[in-house]
Amino acid sequence: MSQAHHPWEAVDLAMKASQVDTMSLPKLSYLTADQERIPNDKSIKEVILKRRSAQAMDFARSHISLEQFTQLLHSVTAPVDSYRERVHFVIFVHDVETLESGLYFYIRNNAHKSALKRLTRNDFLWQEQKIENLYLLEKGDFRSQAKFISCSQDIASDSAFALGMITEFNEPIKSYGAHEYKELYWECGEIGQQLYLEATALGLNATGIGCYLDDVMHRMLGLDNETFQTMYHFTVGRAILDTRVSMREPYPNRT
Ligand SMILES: Cc1cc2nc3c(=O)[nH]c(=O)nc-3n(C[C@H](O)[C@H](O)[C@H](O)COP(=O)(O)O)c2cc1C
């Protein structure tokens with residue numbers, strides 16, 4: 001929003017350190033779309049044009065169905081053969097039909113499950129759920145923790161759920177070089193975009209959360225080294241629309 005560019009040395013240093021001359025890294029295919037879906041008459045064009053970030057979530061209408069929750073997770077389930085998949089979700093479930101409120105892990109690559117179990121708090125329950133690869137870690141109301149970790153933003157507590165993307169961190173950077181740091185962010189970003197679109201298709205709202213307290217999140221989980229790190233947060237619920245903002249059709253002159 002500034003009129004002039006403000007240099008931020010740390011960003012320039014990170015850019016320089018993670019630069020590569022050629023993009024010769026293996027390309028990943030992260031997502032599968034062959035799961036059973038809730039019937040939907042919206043076209044992908046409608047969904048893309050309608051997608052907006054929620055500025056505020058409606059706490060009174062935060063409830064979503066288990067079917068909606070499942071579809072959101074399944075839309076970002078990794079392909080079974082994706083051994084290089086390294087993004088997992090720690091989910092703050094606030095208000096999802098039949099699921100107990102609490103802290104959950106959604107494991108997107110089973111090869112990491114034992115390491116995650118070993119490196120996180122040993123009093124976590126790891127209780128299996130009906131949704132494959134979803135585990136309840138701790139029961140309870142995590143709205144205020146989700147909010148605090150998200151730089152005190154209400155969007156993380158007034159939603160149906162919020163999540164942190166916990167990625168394998170040290171090993172990919174050691175194996176593929178510093179540029180992998182960016183690749184990990186891109187991977188999280190792609191998953192976030194898919195969650196945005198899926199939420200929109202379901203008539204829900206979402207917001208990516210780039211402002212979060214990673215050290216607090218790691219402490220809450222018991223992570224005390226950089227084997228896994230949280231790299232992006234996200235929240236899904238029902239938005240409060242600000243009626244003072246006028247809405248227009250996006251790109252009305254284009255078909
Ligand atoms: C990586 C990323 C991080 C974001 N972090 C936040 C955040 O911490 N808080 C917030 O209110 N919105 C956040 N947003 C939402 C942006 O503010 C929003 O995408 C932007 O204003 C454009 O609006 P739109 O998504 O409706 O097109 C984030 C979006 C992205 C993609």
Side-chain angles (χ1 to χ4, degrees), residues 1-3 6 8 10-12 14-15 18 28 30-31 42-59 61-62 72 75-76 86-92 94 108 142-167 169 179-218 220 229-254:
M1 295 302 184
S2 318
Q3 289 188 345
H6 288 252
W8 198 352
V11 172
D12 293 339
M15 285 290 285
S18 58
L28 301 175
Y30 315 122
L31 312 171
K42 292 189 197 84
S43 71
I44 183 64
K45 182 180 162 188
E46 266 177 273
V47 172
I48 290 170
L49 291 177
K50 207 162 169 248
R51 183 214 63 83
R52 296 315 307 262
S53 296
Q55 315 265 313
M57 291 288 186
D58 191 347
F59 172 71
R61 296 188 307 127
S62 63
L72 281 156
S75 79
V76 288
R86 50 277 174 93
V87 182
H88 307 278
F89 299 163
V90 165
I91 313 179
F92 302 90
H94 305 318
R108 296 180 67 255
F142 277 83
R143 286 187 191 265
S144 60
Q145 286 207 60
K147 175 175 167 172
F148 181 67
I149 284 170
S150 308
C151 301
S152 299
Q153 300 183 85
D154 291 326
I155 45 172
S157 55
D158 295 347
S159 56
F161 67 93
L163 61 85
M165 297 188 197
I166 305 288
T167 71
F169 191 76
H179 182 264
E180 196 66 8
Y181 182 61
K182 282 185 195 166
E183 292 264 339
L184 287 169
Y185 273 118
W186 291 337
E187 203 167 317
C188 291
E190 183 175 352
I191 292 168
Q193 285 306 118
Q194 171 59 28
L195 287 173
Y196 262 123
L197 295 179
E198 198 67 44
T200 310
L202 288 166
L204 303 172
N205 307 96
T207 311
I209 300 181
C211 186
Y212 55 86
L213 307 177
D214 50 357
D215 289 343
V216 179
M217 179 78 170
H218 297 148
M220 181 192 73
Q229 292 273 290
T230 190
M231 294 190 79
Y232 188 22
H233 284 225
F234 209 82
T235 185
V236 177
R238 292 177 209 277
I240 299 175
L241 288 182
D242 187 340
T243 50
R244 295 166 303 177
V245 177
S246 60
M247 301 281 187
R248 293 198 189 147
E249 278 290 304
Y251 310 106
N253 303 327
R254 300 174 73 170

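We count residues from 1, following the sequence as given. Numbering of ligands and ligand atoms starts at 1, following listing order.
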### Query
Is the backbone N or O of Val76 less than 3.5 Å from a side-chain atom of Arg108, with the two atoms forming a donor-acceptor pair by type?
yes
Polar proximity ligand 1 side, [X] side, N/O cut 3.5 Å exclusive:
| X | result |
| --- | --- |
| Thr207 | no |
| Ile155 | no |
| Gln193 | no |
| Tyr232 | no |

#### Entry: Heavy atom of protein closer than 4.0 angstrom to atom 17 (O) of ligand 1
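No.
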### Message
With the threshold set strictly below 4.0 angstrom, can you tell me whether any protein non-hydrogen atom sits that near atom 20 (C) of ligand 1?
### Response
no
Acceptor/donor pairs from residues 206-215 side chains to any protein atom, 3.5 angstrom cut, sequence neighbours excluded:
{"unit_1": "Thr207", "atom_1": "OG1", "unit_2": "Ala54", "atom_2": "N", "d": "3.1"}
{"unit_1": "Thr207", "atom_1": "OG1", "unit_2": "Ala54", "atom_2": "O", "d": "2.6"}
{"unit_1": "Tyr212", "atom_1": "OH", "unit_2": "Thr230", "atom_2": "O", "d": "3.4"}
{"unit_1": "Tyr212", "atom_1": "OH", "unit_2": "Met231", "atom_2": "O", "d": "2.9"}

Atoms in ligand 1 with a heavy atom of [X] nearer than 4.0 Å:
| X | answer |
| --- | --- |
| Gln153 | 7 (C), 8 (O), 9 (N), 10 (C), 11 (O) |
| Arg52 | 23 (O), 24 (P), 26 (O), 27 (O) |
| Gly210 | 3 (C), 4 (C), 5 (N), 6 (C), 7 (C), 8 (O) |

### Query
Closer than 4.0 angstrom: is that true for some heavy atom of His233 and an atom of ligand 1?
no
### Gln55 side, atom CD; Leu241 side, atom CG - distance, nearest 0.5 Å
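If we round to the nearest 0.5 Å, Gln55:CD and Leu241:CG are 10.0 Å apart.
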### Task
List the closest protein heavy-atom neighbour of atom 27 (O) of ligand 1: residue, atom name, distance to the nearest 0.1 Å.
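Looking only at protein heavy atoms, the one closest to atom 27 (O) of ligand 1 is Arg51 NH2, 2.8 Å.
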### Query
Quick one: ring-ring contact (aromatic ring centres under 6.0 Å, His included) partners of Tyr181, sequence neighbours excluded?
Tyr185
